[in-house]
Amino acid sequence: MRFTAIIAILTGLSFFGGIFILFVLNPQTFHEFNNLSLASYNIRGMSGRLWAAFVLYGITGFLNIFFCISLLKVNLELSLGLAGKILLMVCGMLWLSFGISYYDFTNEFANHLLLIRLIVLIILSFVSFFLVSNANDLVSQDKILKWFTLLCAALILALSILSTFVYNDDTWIRTNLSIVTYFSWFLIFGFRTYFSR
């Protein structure tokens with residue numbers, strides 16, 4: 001179980017470390033946080049793009065998938081928890097996909113594809129957290145993790161609902177907060193599981 005906790009911690013650290021490296025290599029990206037999705041920093045021609053593709057999306061996505069595989073081994077019985085773990089793995093695959101191909105904001109098809117993947121990622125992260133927290137599994141047995149997981153799911157849902165009711169607003173801040181909430185869960189899960197076992 002400690003191995004799974006370490007992978008969770010590494011997933012969160014890889015995400016936040018990738019953002020930090022990207023902002024150090026490209027300081028203007030910090031000012032674009034409101035105007036760009038965190039999923040779109042693999043922009044053609046941007047300085048530090050390869051770091052973003054490799055660390056922020058590549059390593060983080062692989063660690064997310066590897067974490068889910070490790071978590072699946074803990075309890076493989078058919079349950080809501082199993083469905084939640086599989087959906088978490090799909091979220092990892094979606095996040096990895098942002099690093100596989102670069103983003104070209106001048107291409108209308110690329111804009112729609114980015115938006116569709118982001119919508120699916122946010123919906124699946126909400127559903128997976130909800131399922132994992134309510135299943136008779138590792139997360140639900142720890143009251144702090146259960147309520148923190150439900151809180152993350154509720155926050156992602158609330159931010160998504162706010163996004164649908166805000167028209168003519170090009171800001172990505174709510175989407176970025178949803179993504180940060182998603183990866184923050186890995187850090188809390190990892191530290192809580194590692195130090196409480």
Using the rule that Ile, Leu, Val, Met, Phe, Trp and Tyr join whenever any side-chain heavy atoms are under 4.5 Å apart, tell me whether [X] and [Y] fall into a single cluster.
X: L114; Y: F109; value: no
X: Y57; Y: L115; value: yes
X: I156; Y: I161; value: yes
X: F191; Y: L145; value: yes

F98: which residues meet the ring pair (Phe, Tyr, Trp, His ring centres under 6.0 Å) condition with it, sequence neighbours left out?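 Ring pair (Phe, Tyr, Trp, His ring centres under 6.0 Å) list for F98, sorted by chain: W95.
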Can you give me the closest heavy-atom contact between [X] and [Y], atom names plus distance?
X: L177; Y: T181; answer: O-OG1, 2.7 Å
X: K85; Y: L71; answer: NZ-O, 3.4 Å
X: G18; Y: V55; answer: CA-CG1, 3.6 Å
X: S128; Y: G84; answer: CB-O, 3.4 Å
X: S133; Y: L150; answer: OG-CD2, 3.0 Å

Distance, nearest 0.5 Å, that separates [atom1] of [X] from [atom2] of [Y]:
X: L94; Y: I116; atom1: CG; atom2: CD1; answer: 11.5 Å
X: I173; Y: S178; atom1: CD1; atom2: OG; answer: 10.5 Å
X: I21; Y: F16; atom1: CD1; atom2: CZ; answer: 14.0 Å

For the residue pair T11 and F189, establish whether any side-chain heavy-atom pair is separated by less than 4.5 Å.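 Answer no - side chains too far apart.
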Partners of [X] by side-chain contact (heavy atoms from CB on, under 4.5 Å), sequence neighbours excluded?
X: L13; answer: I9, L187
X: I188; answer: F148
X: I65; answer: I69, M89, M93, L96
X: F3; answer: I7, F66, S70

Please name all residues satisfying side chain to side chain donor-acceptor pair (under 3.5 Å) with [X], sequence neighbours left out, ordered by chain then number.
X: S184; answer: none
X: S14; answer: T60
X: Y182; answer: N64

Can you tell me if R192 uses its side chain to pair, donor with acceptor, with the backbone of I144 under 3.5 Å?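 The answer is no, because no donor-acceptor pair under 3.5 Å joins these two groups.
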Check whether any side-chain N or O of T193 sits under 3.5 Å from a backbone N or O of G190 as a donor-acceptor pair, and report yes or no.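 Answer holds: no.
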Atom pairs and distances, donor-acceptor, side-chain atoms in residues 118-127, under 3.5 Å, two or more places apart:
residue	atom	partner	partner atom	Å
S125	OG	L121	O	3.2
S125	OG	I122	O	2.8

Could you tell me whether F15 and F186 have their ring centroids closer than 6.0 angstrom?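 That pair fails the under 6.0 Å test.
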